[in-house]
2 protein chains.
Amino acid sequence: MLTERQKMILNAIVDDYITSAEPVGSRSISKRGDVGYSPATIRNEMADLEDLGYLEQPHTSAGRIPSHKGYRYYVDHLVPWNSAESAELDTIRAFFAEKLNATEQVIQHAAMILSNMTNYTSILLGPEVFHTSLRHFQLLPLDDRTAVAIIVTSTGQVENKTVSIPPEISLSEMEKVVNLLNSKLVNVPLYKLKSQLYSELGEEMQRHIAHYEELMKVLDTALESDHEQRIYLSGATNMLTQPEFKDVDKVKDILDLLEETPTLLKMLAPASGGTGMQVRIGMENKHEAFANCSLITATYSLDGKALGSIGILGPTRMEYARVMGILGILSRDLTAMLAHWYK
Amino acid sequence: MLTERQKMILNAIVDDYITSAEPVGSRSISKRGDVGYSPATIRNEMADLEDLGYLEQPHTSAGRIPSHKGYRYYVDHLVPWNSAESAELDTIRAFFAEKLNATEQVIQHAAMILSNMTNYTSILLGPEVFHTSLRHFQLLPLDDRTAVAIIVTSTGQVENKTVSIPPEISLSEMEKVVNLLNSKLVNVPLYKLKSQLYSELGEEMQRHIAHYEELMKVLDTALESDHEQRIYLSGATNMLTQPEFKDVDKVKDILDLLEETPTLLKMLAPASGGTGMQVRIGMENKHEAFANCSLITATYSLDGKALGSIGILGPTRMEYARVMGILGILSRDLTAMLAHWYK
DNA sequence: GGTTAGCACTCATCTAACCAGAGTGCTAAC
DNA sequence: GTTAGCACTCTGGTTAGATGAGTGCTAACC
């Protein structure tokens with residue numbers, strides 16, 4: 001347990017380091033208006049904080065920088081929660097005032113806004129189709145062997161996939177099935193679609209349809225992969241402006257990882273159910289390349305279920321308070337907007 | 001007009017510089033097996049070539065590097081055209097052997113293959129819907145104010161857009177129009193769609209439909225913006241491996257430009273009709289950030305009309321011969337594949 | 001006992017000086 | 001026309017010293 005004075009000093013060091021990116025010395029802390037102690041006293045406390053693991057020293061004669069544990073403590077106990085500047089609130093308000101009417105467009109645009117506002121990299125996870133429901137299904141023949149399957153969800157997203165059709169299946173059969181599907185499965189959540197396809201329609205189809213097996217296979221692949229969420233990345237190059245990444249080799253690893261969509265998907269997957277804000281510091285991200293990065297994520301949701309995430313990636317030395325404030329507001333407003341659209 | 005010997009020397013210098021990234025001196029040229037002259041002779045020729053503007057010298061006691069004019073000459077007259085290594089041919093062949101059945105997927109995948117194979121950045125321009133024709137049109141109501149418009153093209157691409165519906169238009173009216181559209185305008189090239197909409201259907205619709213004006217506006221926006229082509233970028237971080245870009249500030253400008261999709265669209269737009277290969281060196285790209293980059297592009301086409309482009313961006317000191325060889329083959333094979341699919 | 005002034009010590013960073021090496025241009029000889 | 005020889009130039013790397021920020025420790029102070 002830290003004393004009040006230790007908290008105050010840790011807080012001051014993190015704040016200073018966040019803005020300056022330089023190790024901070026006892027003298028500069030002591031000179032701050034709200035600190036009533038001499039450099040020597042601060043030094044003693046700093047030595048203690050280092051022993052406790054909250055600070056570290058790049059080399060003997062340098063100031064201190066926060067350790068991962070130090071950042072963790074800062075984020076968990078010290079971050080001031082008031083930090084949403086009015087200018088930023090205005091930007092967000094202006095963003096929601098624009099009339100955009102497709103969910104995906106909103107998310108994409110939000111990514112840009114976020115990276116511009118924060119000067120970090122924004123990573124947004126597009127809405128999870130999984131929890132939205134079927135609005136309309138269509139199978140449109142392109143030639144005698146292939147067709148394009150189109151799924152429209154209740155949120156107006158359109159997913160499409162090209163499938164190949166076995167020659168023994170006739171056009172009229174396909175039409176029958178698609179009609180059946182549309183009459184019985186509309187408003188079923190996509191994640192239940194396949195199971196309901198079998199349970200509700202299986203019997204009926206087996207009766208009316210000649211090539212049941214083959215047809216089912218086609219539908220299976222048509223409905224299959226549409227659960228892939230999209231990643232919207234913006235401001236990746238903002239990483240290059242951070243002084244800790246002025247070395248090309250280090251930043252290459254980071255940018256390389258940002259090109260790996262599957263990795264990002266995993267990283268942003270909404271933490272099991274919770275809708276709170278997550279801060280992952282350094283190696284908590286489980287990737288060597290992100291050892292000196294922090295990722296802050298929040299979720300937006302519909303009907304209480306997380307639909308997707310919005311995240312900001314920056315150096316561990318990142319403006320936690322400001323970013324958390326912005327993400328909090330934006331995720332809340334996105335959720336509100338979705339609720340307003342689709343209730 | 002350059003003498004044969006001058007060409008030979010210029011060629012040797014460009015080749016050397018491309019692989020080493022260091023200014024090349026007279027001695028190293030003279031030592032090459034195929035050159036029968038002493039360093040002194042080479043030096044004289046190099047001085048001449050510098051006077052003519054084909055070479056430049058970073059400083060007095062350094063070797064020479066090719067100038068923009070030098071690269072231009074190299075590309076226009078000296079590039080050896082045989083350079084498609086068998087290993088690379090195999091990779092491309094393997095790529096086309098995979099069964100991918102959606103045009104967009106192929107392009108996206110091709111982008112990765114290209115950047116991996118070349119270790120440069122690949123920029124591909126997705127197929128231009130413009131010259132494909134309408135396969136199916138649909139307007140699907142989401143709620144009483146909005147609907148999603150879906151356009152399926154003859155190449156199986158699905159474009160969708162959310163539009164808002166004025167309250168005075170009824171569902172049945174909309175259905176009527178959509179049916180009309182599907183019966184009369186299927187197989188019309190998308191770029192003629194709007195004009196034919198007016199010329200062929202205008203009269204008939206005006207007769208049958210109550211709110212003609214409003215409905216036309218809806219259709220207009222529904223058909224409007226679907227001409228946007230997609231950019232597929234891969235290997236942007238390969239730029240960071242080039243020694244000339246080891247300075248973060250320089251490379252930041254380049255990567256920033258790569259995030260600007262509209263700029264890339266303009267840059268890759270198939271050069272007026274031609275299907276040949278284009279090489280733009282340094283400032284020929286019209287962007288300060290690309291002053292030390294070269295962009296090589298080729299097009300793929302359907303029915304003799306360019307559908308999109310594939311391009312490689314690298315430093316001006318780039319392996320022109322190899323890249324041009326690869327792009328040539330890939331664009332040819334892409335075109336062949338499209339012709340095979342959609343004829 | 002907690003706090004602070006004083007001081008010796010450490011270590012990264014900056015500068016200047018120097019050296020080695022690569023490459024040139026010129027001259028004179030072949 | 002070609003080449004050997006040589007003086008000259010400029011970069012890059014290394015070393016040595018000076019600078020200064022910051023520390024830890026001790027002893028004095030309240």
Side-chain angles (χ1 to χ4, degrees), chain A residues 1-10 12-17 19-67 70 243-244 246-247, chain B residues 1-10 12-17 19-67 70 243-244 246-247:
Chain A
M1 192 55 202
L2 298 184
T3 67
E4 281 309 311
R5 193 167 70 183
Q6 283 173 326
K7 288 185 196 174
M8 190 261 288
I9 291 175
L10 178 55
I13 290 176
V14 175
D15 276 348
D16 252 39
Y17 185 62
T19 58
S20 72
E22 308 264 298
V24 2
S26 54
R27 214 176 99 87
S28 62
I29 297 292
S30 163
K31 271 196 300 192
R32 288 165 65 118
D34 50 340
V35 183
Y37 300 99
S38 75
T41 311
I42 309 284
R43 274 205 292 283
N44 288 330
E45 293 286 28
M46 279 162 88
D48 289 352
L49 282 169
E50 187 175 353
D51 287 343
L52 291 169
Y54 294 99
L55 297 178
E56 41 196 44
Q57 220 173 357
H59 54 265
T60 350
S61 70
R64 301 301 207 294
I65 62 175
S67 66
E244 44 265 79
K246 70 176 195 300
D247 177 20
Chain B
M1 192 55 201
L2 299 184
T3 67
E4 281 309 311
R5 194 168 69 185
Q6 282 173 326
K7 287 185 197 174
M8 190 261 287
I9 291 175
L10 177 56
I13 291 177
V14 175
D15 276 349
D16 252 40
Y17 185 63
T19 58
S20 73
E22 308 265 299
V24 3
S26 54
R27 213 176 99 87
S28 62
I29 297 292
S30 162
K31 271 196 301 193
R32 289 167 65 118
D34 51 339
V35 183
Y37 301 98
S38 76
T41 310
I42 308 285
R43 275 205 291 282
N44 288 329
E45 293 285 28
M46 279 161 87
D48 288 351
L49 281 169
E50 187 175 354
D51 288 342
L52 290 170
Y54 294 98
L55 296 178
E56 43 197 43
Q57 219 172 357
H59 54 265
T60 351
S61 71
R64 301 302 208 293
I65 62 176
S67 66
E244 44 265 82
K246 71 177 194 299
D247 177 21

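No hydrogens, no waters, no symmetry mates; every other heavy atom, side chains included, goes into these values. Residue numbering restarts at 1 for every chain, and letters A, B, ... go by the order of the sequence lines.
Under a 3.5 Å cut-off, the side chain of A/S67 and the backbone N or O of A/G53 do form a donor-acceptor pair. Side-chain atoms of A/S20 come within 3.5 Å of backbone atoms of A/D16 as a donor-acceptor pair (strictly under, hydrogens ignored). Using a distance-only test at 3.5 Å, with no hydrogens or angles considered, a donor-acceptor pair links the side chain of A/Q6 to the main chain of A/T3. Side chain of B/Q57 to main chain of B/A62: a donor-acceptor pair is present (N/O by atom type, distance under 3.5 Å, no hydrogens or angles).
Per the geometry, CZ belonging to B/R27 stands 11 Å off P belonging to C/dT24, to the nearest Å. Atom CD of B/E22 and atom P of C/dT24 are 14 Å apart (whole Å). Taking atom NZ of residue A/K31 and atom P of nucleotide D/dG22, one finds them 9 Å apart after rounding to whole Å. The separation between B/I42 atom CD1 and D/dG1 atom C1' is 14 Å, rounded to whole Å. Distance B/R64 CZ to D/dT9 C1': 13 Å, rounded to the nearest Å. In this structure, the OH atom of B/Y37 is 12 Å from the P atom of D/dG1, given to the nearest Å. Distance CD (B/Q57) to P (C/dT24): 7 Å, rounded to an integer number of Å. Going from atom CD1 of B/I29 over to atom C1' of C/dT24 covers 15 Å, rounded to whole Å.
Close to D/dT3, at under 4.0 Å from its OP1 or OP2, lies a side-chain N or O of B/S38. Residue A/R43 places none of its side-chain N or O atoms closer than 4.0 Å to OP1 or OP2 of C/dT3. Dashed line: the shortest gap from a side-chain N or O of B/S26 to OP1 or OP2 of C/dG23 is not under 4.0 Å. Regarding contacts with the backbone of C/dT3, a side-chain N or O of A/R5 is found under 4.0 angstrom from either OP1 or OP2. The side chain of A/T41 contributes an N or O atom lying less than 4.0 Å from OP1 or OP2 of C/dT4.
A salt bridge is absent between A/R64 and A/E56; no separation between the charged side-chain nitrogens and carboxylate oxygens falls under 4.0 Å.
When the nucleotides D/dT3, D/dG24, C/dT24 are ranked by their closest atom to the side chain of B/N44, D/dT3 comes out on top. Considering only side-chain atoms of A/S61, the nucleotide from C/dC11, D/dT9, C/dT4 that sits closest is C/dC11.
Pairing partner, D/dG13: C/dC18, with both Watson-Crick or wobble hydrogen-bond distances short of 3.5 Å. Remark: C/dC30 base-pairs with D/dG1; criterion is Watson-Crick or G-U wobble with both hydrogen-bond distances under 3.5 Å.
If you find the closest nucleotide of DNA chain D to B/A40 and to B/H59, the one lying nearer the 5' end belongs to B/A40.
Contacts of B/T60 with the nucleic acid, taken as non-hydrogen atoms under 4.0 Å apart, involve only primed sugar atoms and P, OP1 or OP2.
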